[in-house]
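Remarks on the structure that follows.
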Protein chains: 2
Amino acid sequence: MYNYKYPHPAVTTDCVIFGYDIREGLSVLLVQRGIDPFKSRWAFPGGFMKIDEDADTGARRELMEETGFEAESISQFGTFTAVDRDPRERVITIAYMALVRKGSVQGGDDAADARWFPVSAVPPLAFDHDRILRIALERLKEQIHFRPVGFELLPEVFTLPQLQALYEAILGVRFDRRNFASKMQKLGLLVPTGERPADAARRIPQTYRFNAQKYDELKQSGFRLEF
Amino acid sequence: MYNYKYPHPAVTTDCVIFGYDIREGLSVLLVQRGIDPFKSRWAFPGGFMKIDEDADTGARRELMEETGFEAESISQFGTFTAVDRDPRERVITIAYMALVRKGSVQGGDDAADARWFPVSAVPPLAFDHDRILRIALERLKEQIHFRPVGFELLPEVFTLPQLQALYEAILGVRFDRRNFASKMQKLGLLVPTGERPADAARRIPQTYRFNAQKYDELKQSGFRLEF
DNA sequence: ATACATACGCGTAATATTTACGCAAATATA
DNA sequence: TATATTTGCGTAAATATTACGCGTATGTAT
């Protein structure tokens, strides 16, 4: 038992993990709760922060425990503190988001039931996680102007039409294919691989890699990814 | 005494209140601590969140108690959770920022010793508040592209050179006076007052008000304040 | 008063960027 | 082999950015 002179809230972390593929579009990784409250409802992976770890560490630990996934970089985007957001006791949660290559997470494997859901088909979630998702999506839209989110979500080798489809999915707009291509090329963040994939469809597009070094240079000089 | 099966951190809120005037530039509102730890050091107004209030409410309450100031809108920008950030016990803090007209806060009055400090002359702060300030400044620079921060910091009636000086102070760059003016005018967010102030200096510039209604319209259609 | 230094406001030409879209080449399918 | 579809290149028109000239208003010095 731990005693305090004044009541303290419990503190949890939750991770909104975004993934993307052409078929399902933008997706999030959810786990099904095994216990009450909200038993059998889907929720973001997360759990109670330990007293001797900071929130970042706790978020990574819970993510690993519940999904087997080790995120490269997670970013805190909000802390949710509504008084009644947990029926058990006062609990506040620190929310993180991460962008991952969907292939690198094997949902529904070992750990519990982790599954990808397209953001357009997310079921009603536990706690206030619906609200957390809404805020996360807003932040993602903002971040796309500063961070190379497209490259973090796509496989290492990708085509321009794929990249464009991702931007359109996140921002909810349509671009002219030729203008998108030339704008992207001019940024210098794309490296042609030379290879061509044995894709389906009509004419086979060229493939590219992300030029991370060039991005770091541009970041230093405070530029923006304008789309 | 309150008992928990697992240890819980204490939770505080802190408010980074930004103000601005031409003489001191961008400033923050600080209060001097009366008790240990960090007794007599300056810190952001804030304190322990109550168990039956959410963090926003707690932040506003503490701000009022310590500075007598009622903020119109505060926005959460980060939660700081380093394990050793408070020497007493495990404390995490939810940080808020607000932009206010300096005239509306009478620093150093009733409540404790609240005083404005230019951001360029902030003394070493209590806890990890130096770090909190650094993050707040970064967010302010980002937000200036989406929010009319200039208008929130200036008096209701202001001149174009004043607005320009504020933008330059926050972003740390210089603009051409004529280009800045025409760009601002084209946005349609400025309403000339017709009056001219009994200012000092050379030629007296025109005064303007912020067109809040026009801003709301533009915000709907997802624009950006580009400077 | 008058001259001078300084700051404001208008306007404009040169350059760069954005936008819309034509057209030929590549490829799966019929 | 014909057809429909998609990629990649190029370009003209519209728009935005940038640099800066010039006249006017105003406080200060003489």
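As the structure is a computational prediction, the values presented were derived from the model and not from experiment. Letters go in sequence order (proteins before strands), and every chain restarts at 1. Computed from heavy atoms alone, side chains included, the values below leave out hydrogens, waters and symmetry copies.
One atom, CG of B/Leu190, and another, P of C/dC8, lie 15 Å apart when rounded to the nearest Å. Taking atom CZ of residue A/Arg203 and atom C1' of nucleotide D/dT5, one finds them 11 Å apart after rounding to whole Å. Atom-to-atom, CZ of A/Phe180 to P of D/dC9 comes out at 15 Å; the value is rounded to the nearest Å. Rounded to whole angstrom, the span from the CD1 atom of A/Ile22 across to the C1' atom of D/dT6 amounts to 14 Å. One atom, CE of A/Met184, and another, P of C/dT18, lie 13 Å apart when rounded to the nearest Å. The distance between atom CD1 of B/Ile204 and atom P of C/dG9, rounded to the nearest whole Å, is 11 Å. Rounded to an integer number of Å, the gap from B/Gln162 CD to C/dA7 P is 15 Å. Atom P of nucleotide C/dT18 and atom CZ of A/Phe175 are separated by 12 Å, given to the nearest angstrom.
Considering only residues two or more places apart in sequence or on other chains, B/Arg178 meets the side-chain hydrogen bond (donor to acceptor under 3.5 Å, both in side chains) condition with B/Asp176. Residues passing the side-chain hydrogen bond (donor to acceptor under 3.5 Å, both in side chains) test with A/Arg85 are A/Asp128, sequence neighbours excluded. In this structure, the salt bridge (Lys or Arg N to Asp or Glu O under 4.0 Å) partners of B/Glu168, at least two apart in sequence or on a different chain, are B/Arg174. By the ring-ring contact (aromatic ring centres under 6.0 Å, His included) test, B/Phe158 pairs with B/Phe151, sequence neighbours left out. For B/Glu138, there are no side-chain hydrogen bond (donor to acceptor under 3.5 Å, both in side chains) partners at least two apart in sequence or on another chain.
The closest donor-acceptor contact from the side chain of A/Tyr215 to the backbone of A/Leu189 lies at 3.5 Å or more, if one exists at all.
Candidate nucleotides C/dT18, C/dC8, D/dT17 were compared by shortest atom distance to the side chain of B/Pro161, and C/dC8 ranks first.
Applying the 4.0 Å criterion to OP1 and OP2 of D/dT17, one finds that B/Lys183 has a side-chain N or O inside that range.
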Quick one: which protein N/O atoms are closer than 3.5 Å to N/O atoms of nucleotides 10-13 of chain C? Pair and distance per line, please.
none

